[in-house]
Amino acid sequence: MDSGYYAACTALVSRTQALDTIANNLANASTVGYRAQHNQFSSVLAQASGAPDSDLNQAINNYGILSGTMLDESQGALQKTGNNLDLAIQGSGFFVVQTAGGPMYTRDGSFQLSSKGQLITSTGDPVMGDKGAISLPPGSVSISPDGTISSNGAVAGKLKLVSFPAGTNLTSAGETYYSAPPNSEAASTDSTVKQGMLESSNVNPVTSMVELITAQRSAEMMQRELSMYSSEMDKTATQDLPKIS
Amino acid sequence: MFHALYTAASGMTAQQINLDNIANNLANASTSGFQSRRVQFSDLLYQSEVMPGAAATQQTTVSSGLQVGLGTRPGNTEIIQTQGDLSSTGNPLDFAIEGTGFFQILLPNNQIGYTRAGSFQPNQQGTLVTANGDQLQPAITIPPNATNITVGSDGTVSATLPGQINAAQVGTIQLATFANPGGLNSIGNNIYLPTTASGDAVVGTPGGADGLGTIQQGMLEQANVNIVDEFVNMILAQRSYESNSRVVKAADEMLQGLNQVAQ
């Protein structure tokens with residue numbers, strides 16, 4: 001069988017995976033604090049012979065497999081909500097949340113108070129301050145840009161904001177939580193907290209649509225490739241060649 | 001089969017719920033004491049085909065993993081706690097709360113409900129009740145021959161009787177607050193019930209040390225629905241629904257093309 005047949009098949013599989021990522025980005029276009037994921041393709045075979053690739057070979061092989069998804073670290077738009085406990089981060093920082101599975105990091109600052117007055121996320125996990133979980137007495141809450149929380153004029157705690165060095169692998173854990181390798185966090189120096197605002201998802205609908213069309217059209221190309229191999233070349237080989245005698 | 005079909009469907013379902021919520025906010029834009037809600041979404045689990053930080057060789061790790069998310073889901077609907085505009089009605093038995101707090105209402109099942117809609121009327125005994133006939137708690141009875149009713153910002157209700165110069169105090173309105181008002185349960189008719197998430201009601205004097213709001217007589221609090229925001233959200237919900245349905249179409253066409261390969 002022609003090796004191109006398998007190359008086109010691999011590329012087709014990677015396009016369907018790419019479509020899954022694009023679908024997830026578009027589905028989360030309204031998720032507060034969501035970070036878009038971008039596909040990375042890589043070629044199946046490194047150029048072994050050193051000879052230049054033909055155009056067709058490049059088109060099929062250079063984007064052969066989906067090797068990874070990368071988080072888009074760009075800032076999402078800040079959207080005003082007016083709720084005192086809605087917080088947005090401007091900068092590269094993350095809020096720290098204590099979950100049953102250890103510390104998690106999130107940009108979704110739609111916090112609430114628990115019935116015991118503890119600051120929690122919308123899924124009920126406590127938000128960490130410099131000195132552990134933050135408890136607030138009832139009353140009006142104001143939060144300064146550096147994350148200091150005051151309740152009725154008295155300081156009640158300071159939000160812990162952390163950043164990660166470039167290249168740190170953050171793992172998406174759902175619920176807009178991310179986990180990071182141990183000891184990779186550092187206090188964030190470039191982050192400011194905006195009270196009464198939330199950071200919208202940083203999915204760009206235009207680029208997502210373009211990615212969608214690209215994935216779809218290049219899948220069609222691979223399908224054309226497959227049918228060319230199967231119906232025209234292989235069929236010719238199996239049906240017509242035996243007749244030559 | 002492609003996840004993309006299901007992922008896009010989860011996005012469409014989420015936007016449907018978003019639109020339902022926007023419709024309810026807009027429908028209640030003229031309901032006094034109504035507090036709008038906002039749907040919060042969160043992303044679903046991820047399929048990690050390559051974990052970020054996995055070993056590529058013995059010495060190196062992959063620069064980023066291959067994680068494919070499975071869509072979105074509506075997480076919760078948060079009650080927006082902002083103050084609604086106060087509009088003057090001139091009716092001495094219309095009260096608005098400026099600041100935090102809820103009026104306490106005795107429901108027919110003897111439970112206490114909480115509301116910010118402060119439009120009261122006396123019943124045949126002169127006791128203040130809501131439009132549904134439920135009593136304001138603690139009960140306040142207005143003498144039938146009272147000529148003037150005054151409510152102070154701290155909730156003191158006084159009535160002037162014919163032939164008397166000084167107004168006599170007939171009761172005090174108390175307000176309730178919660179550790180987490182966002183966790184209250186809406187049961188309709190502008191009434192909220194406490195839940196374990198909201199915590200128990202803390203009752204106090206309006207304007208007192210508990211941080212409760214003050215009472216404004218002759219005013220009603222309008223719904224805190226921001227029509228412009230709701231319209232913007234409605235457009236976003238509609239467009240997001242469309243882009244998700246475009247993904248369904250793309251996945252469908254890719255599958256269709258795949259079926260034709262075999263022919």
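Bear in mind that the values here come from a model prediction, so they are computed numbers and not experimental data. Only this structure's heavy atoms are used, side chains among them; waters, hydrogens and symmetry mates stay out. To find a chain, count down the sequence lines: A is the first, B the second, and so on, and within it residues start at 1.
For B:Thr82, the parts sitting under 4.5 Å from any heavy atom of chain A are the backbone and the side chain alike. Within the 4.5 angstrom heavy-atom criterion, no atom of B:Leu236 approaches chain A. Interface remark: B:Glu49 contributes side-chain atoms only to the contact with chain A (heavy atom separation under 4.5 Å). Contacts of A:Ser114 with chain B are made by backbone atoms alone, with heavy-atom separations under 4.5 Å and no side-chain atom involved. Of the two parts of A:Leu19, the backbone and the side chain both hold a non-hydrogen atom closer than 4.5 Å to a non-hydrogen atom of chain B. Within the 4.5 angstrom heavy-atom criterion, atoms from both the backbone and the side chain of B:Ala251 approach chain A. Interface residue A:Glu175: backbone and side-chain heavy atoms are both found under 4.5 Å from chain B. Residue B:Arg239: no heavy atom, backbone or side chain, is found under 4.5 Å from chain A. Interface remark: B:Leu212 contributes no atoms to any contact with chain A (heavy atom separation under 4.5 Å). With a 4.5 Å cut-off on non-hydrogen atoms, A:Thr81 touches chain B through its backbone and its side chain both. Neither the backbone nor the side chain of B:Thr13 has a heavy atom closer than 4.5 Å to any heavy atom of chain A.
Ranked by heavy-atom pairs under 4.5 Å with chain B, the first of A:Ser110, A:Ala219, A:Gly117 is A:Ser110. Annotation: maximal heavy-atom pairing with chain A below 4.5 Å, among B:Ile80, B:Leu44, B:Asn18, B:Val50, occurs at B:Ile80. Heavy-atom pairs under 4.5 Å with chain B peak, among A:Val203, A:Leu26, A:Asn83, at A:Asn83. Note on B:Gly183, B:Gly65, B:Ala8, B:Pro181: by heavy-atom pairs under 4.5 Å with chain A, the leading option is B:Gly65. Contact tally against chain B (heavy-atom pairs below 4.5 Å) for A:Asp86, A:Thr21, A:Leu226, A:Asp108: the top residue is A:Asp86. With chain A as the partner, the residue from B:Ser42, B:Gly99, B:Pro74, B:Gly199 showing the most heavy-atom pairs under 4.5 Å is B:Ser42. Interface summary for chain B: among A:Thr69, A:Leu85, A:Ile22, A:Leu113, the most heavy-atom pairs under 4.5 angstrom belong to A:Thr69. Of the listed residues (B:Gly11, B:Ala9, B:Gly71), the one with the most heavy-atom contacts under 4.5 Å to chain A is B:Gly71. Ranked by heavy-atom pairs under 4.5 Å with chain A, the list B:Gln81, B:Gln47, B:Glu253, B:Glu78 is led by B:Glu78.
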- Query: Which is it for B:Thr177 and B:Thr100 under the side-chain hydrogen bond (donor to acceptor under 3.5 Å, both in side chains) test, yes or no, and what are the steps along the way?
  - Reply: CA-CA 7 Å; B:Thr177 182; B:Thr100 59; 4.7 Å; no
- Task: Check the pair B:Tyr46 / A:Asn24 against side-chain contact (heavy atoms from CB on, under 4.5 Å), numbers first and verdict last.
- Result: CA-CA 10 Å; B:Tyr46 284 75; A:Asn24 191 48; 3.8 Å; yes
- Message: Apply salt bridge (charged side-chain N to carboxylate O under 4.0 Å, His left out) to residues A:Glu220 and A:Arg15 and explain how you reach the verdict.
- Response: CA-CA 10 Å; A:Glu220 277 170 20; A:Arg15 292 316 182 280; over 6 Å; no
- Message: For a side-chain contact (heavy atoms from CB on, under 4.5 Å) check, start with the C-alpha distance between A:Ser172 and A:Leu71, then their side-chain angles and the critical distance, and finish with the verdict.
- Response: CA-CA 9 Å; A:Ser172 307; A:Leu71 277 184; 4.2 Å; yes
- Could you give me the CA-CA distance, side-chain angles and deciding distance for B:Arg38 and B:Glu230, then say whether salt bridge (charged side-chain N to carboxylate O under 4.0 Å, His left out) is met? CA-CA 10 Å; B:Arg38 188 188 56 232; B:Glu230 296 298 335; over 6 Å; no
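Between A:Tyr34 and the choices A:Asn25, A:Thr176, A:Asn202, the side chain to side chain donor-acceptor pair (under 3.5 Å) rule is met once, by A:Asn25.
B:Gln15 and B:Ser240 form a side-chain donor-acceptor contact under 3.5 Å, judged by distance and modelled atom types alone.
Ring geometry, B:Tyr114 versus B:Phe102: the interplanar angle exceeds 60°, so the pair is classed perpendicular (tilted spans 30 to 60°).
Note: B:Phe178 and B:Tyr192 fail the aromatic proximity criterion, with ring centroids not under 6.0 Å apart.
A donor-acceptor pair under 3.5 Å is absent between the side-chain atoms of B:Ser48 and the main chain of B:Met51, judged by distance alone.
Considering OG of A:Ser218 and CE of B:Met254, their distance stands at 7.5 Å, rounded to 0.5 Å. Distance CD1/A:Ile213 to CZ/B:Arg246: 5.5 Å, rounded to 0.5 Å.
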